[in-house]
Protein chains: 2
Amino acid sequence: MKYKHARLSIQDTMDVVGGKWKLILIFVLFDGKKKFNELTREIGISPRVLSKELHELEVNGLIKRRVCDTKPVTVEYSLAPYSESLKDVIVALCKWGEAHRENIIAGKFDMSPKSKSIL
Amino acid sequence: MKYKHARLSIQDTMDVVGGKWKLILIFVLFDGKKKFNELTREIGISPRVLSKELHELEVNGLIKRRVCDTKPVTVEYSLAPYSESLKDVIVALCKWGEAHRENIIAGKFDMSPKSKSIL
DNA sequence: ACAACCTGTTACCTAAAGGATAGTAATAAC
DNA sequence: GTTATTACTATCCTTTAGGTAACAGGTTGT
């Protein structure tokens, strides 16, 4: 079992950025800092889940949380420098999803997979 | 919302290869074809789940299933050519997980994330 | 006083993912 | 006839992810 180490690396990555929202959040934050409510509205995530995801991303050093003393208080979430390291991952996933979608449209499958990005 | 399309691509990819096992299976199959029981033993997955994951991967054109007429019957699972397209994704995830692990070991985090690949 | 707005939290619930265990069907070996 | 091997299915169960809804705490505006 010589490649066990690589397998664990994949699993580690999935532990940190897996799930429905984490990569999406990071991707959206590449566009610039956002407030809590902007995020809920922009990606359609419930506040409960958003709060949890943001906290986990913060623990893993991927985003920064800054409380602004506006009235009422707002909180800015932005990418920590460490998120730069995820660019390759995000680009790879993004490219593949796009290519996959085109393959589906072109009818290159015997069976019938589904794609969210086909309207 | 100019980048919505890219977001959907990411979600599509996660739909196809997300979850606990799919990428691991593909990664392991890069090593060559394997039989059902070899896979259960090698990665420690229950037969029920393995069967489901393999079928889903097959539907998405990522692996091939070949029944050999040995006695007793054996079934060979191997990568379909389409899996080649996932190499970038796997490499990116693998690299990041490894780098992340090193960052944790080096103590570059305020809080304390965990890593499977640290013994 | 009252509503409106922001960032959350809390409690509750459902659905899906995944795991444990046993069993089936075919064949062959002992 | 019993046991073993292979590739599964079937059944049951636990855990986790994620969603809904309500509300708290603070502040500003009416």
Side-chain angles (χ1 to χ4, degrees), chain A residues 7-8 10-29 33-60 62-78 113-114 116, chain B residues 7-8 10-29 32-60 63-78 113-114 116:
Chain A
R7 265 171 48 200
L8 293 174
I10 295 175
Q11 288 179 318
D12 277 347
T13 305
M14 296 301 277
D15 283 350
V16 176
V17 296
K20 189 168 176 182
W21 295 115
K22 298 215 174 65
L23 279 172
I24 301 296
L25 281 168
I26 291 171
F27 176 76
V28 166
L29 287 174
K33 48 188 156 199
K34 313 254 177 187
K35 323 245 160 172
F36 191 88
N37 276 2
E38 288 183 299
L39 289 170
T40 64
R41 281 191 285 263
E42 200 153 333
I43 69 178
I45 187 177
S46 72
R48 189 192 97 89
V49 176
L50 178 59
S51 176
K52 204 197 73 196
E53 302 286 287
L54 288 171
H55 184 250
E56 286 170 13
L57 288 171
E58 203 192 351
V59 166
N60 284 298
L62 290 165
I63 63 172
K64 272 184 309 197
R65 180 180 188 273
R66 189 180 139 248
V67 180
C68 316
D69 64 344
T70 51
K71 311 296 174 61
V73 160
T74 55
V75 182
E76 253 178 30
Y77 292 94
S78 58
K114 274 143 199 156
K116 284 207 173 68
Chain B
R7 266 172 46 200
L8 292 174
I10 294 175
Q11 289 179 317
D12 277 347
T13 305
M14 296 301 277
D15 283 351
V16 177
V17 295
K20 189 169 176 181
W21 296 113
K22 297 215 174 62
L23 280 172
I24 301 297
L25 281 168
I26 291 171
F27 176 77
V28 166
L29 286 173
K33 48 187 156 201
K34 314 256 176 183
K35 324 245 159 172
F36 191 89
N37 277 1
E38 286 182 301
L39 288 170
T40 64
R41 280 191 284 263
E42 201 154 331
I43 70 180
I45 186 178
S46 74
R48 189 191 95 88
V49 177
L50 177 59
S51 176
K52 203 198 72 194
E53 302 286 287
L54 287 172
H55 184 250
E56 287 170 12
L57 289 171
E58 203 193 349
V59 166
N60 284 298
I63 63 172
K64 273 185 308 194
R65 180 180 186 273
R66 187 178 143 250
V67 179
C68 316
D69 64 343
T70 51
K71 310 296 176 62
V73 160
T74 55
V75 182
E76 252 178 31
Y77 292 94
S78 58
K114 274 145 199 153
K116 285 208 171 69

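Chain letters run A, B, ... following the sequence lines, proteins first and then strands; every chain starts at 1.
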Out of [options], which has the shortest distance to the side chain of [X]?
X     : options                : answer
B/K71 : C/dA28, C/dG18, C/dT7  : C/dA28
B/N37 : D/dT6, D/dC8, D/dG19   : D/dT6
B/P72 : C/dT7, D/dT5, D/dG18   : D/dT5
B/W21 : C/dG19, C/dA22, D/dG18 : C/dG19

Quick one: is [N] close enough that its OP1 or OP2 comes under 4.0 Å of any side-chain N or O from [X]?
X     : N      : result
A/T74 : C/dC6  : no
A/Y77 : C/dG8  : yes
B/K20 : C/dG19 : yes
A/S46 : D/dT20 : no

**Salt bridge flag under 4.0 Å for residues B/E76 and B/K33** = yes
**Prompt:** Does a side-chain N-to-carboxylate-O contact under 4.0 Å join B/K64 and B/E58?
**Reply:** no
**Message:** Between A/R66 and A/V75, is there a side-chain heavy-atom distance shorter than 4.5 Å?
**Reply:** no
**Message:** If you assign A/K52 and A/V73 each to the DNA chain D nucleotide with the nearest heavy atom, which residue ends up on the more 5' nucleotide?
**Reply:**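 Going by which nucleotide is closer to the 5' end, it is A/K52.
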**Item:** Upstream residue (5' side of DNA chain D) when A/G19 and B/R48 are each assigned their closest nucleotide
**Value:**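 Looking at DNA chain D, the more 5' nearest nucleotide goes with B/R48.
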**Message:** Expressed as a whole number of angstroms, how long is the span from A/H55:NE2 to D/dG18:C1'?
**Reply:**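 The answer, rounded to whole Å, is 18 Å.
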**Complete:** Here the distance between atom P of C/dG8 and atom CD of A/E53, to the nearest Å, is 14 Å
**Request:** Work out which heavy atom in A/V28 is nearest to a heavy atom in A/L39; give both atom names and the distance.
**Result:** CG1-CD2, 4.2 Å
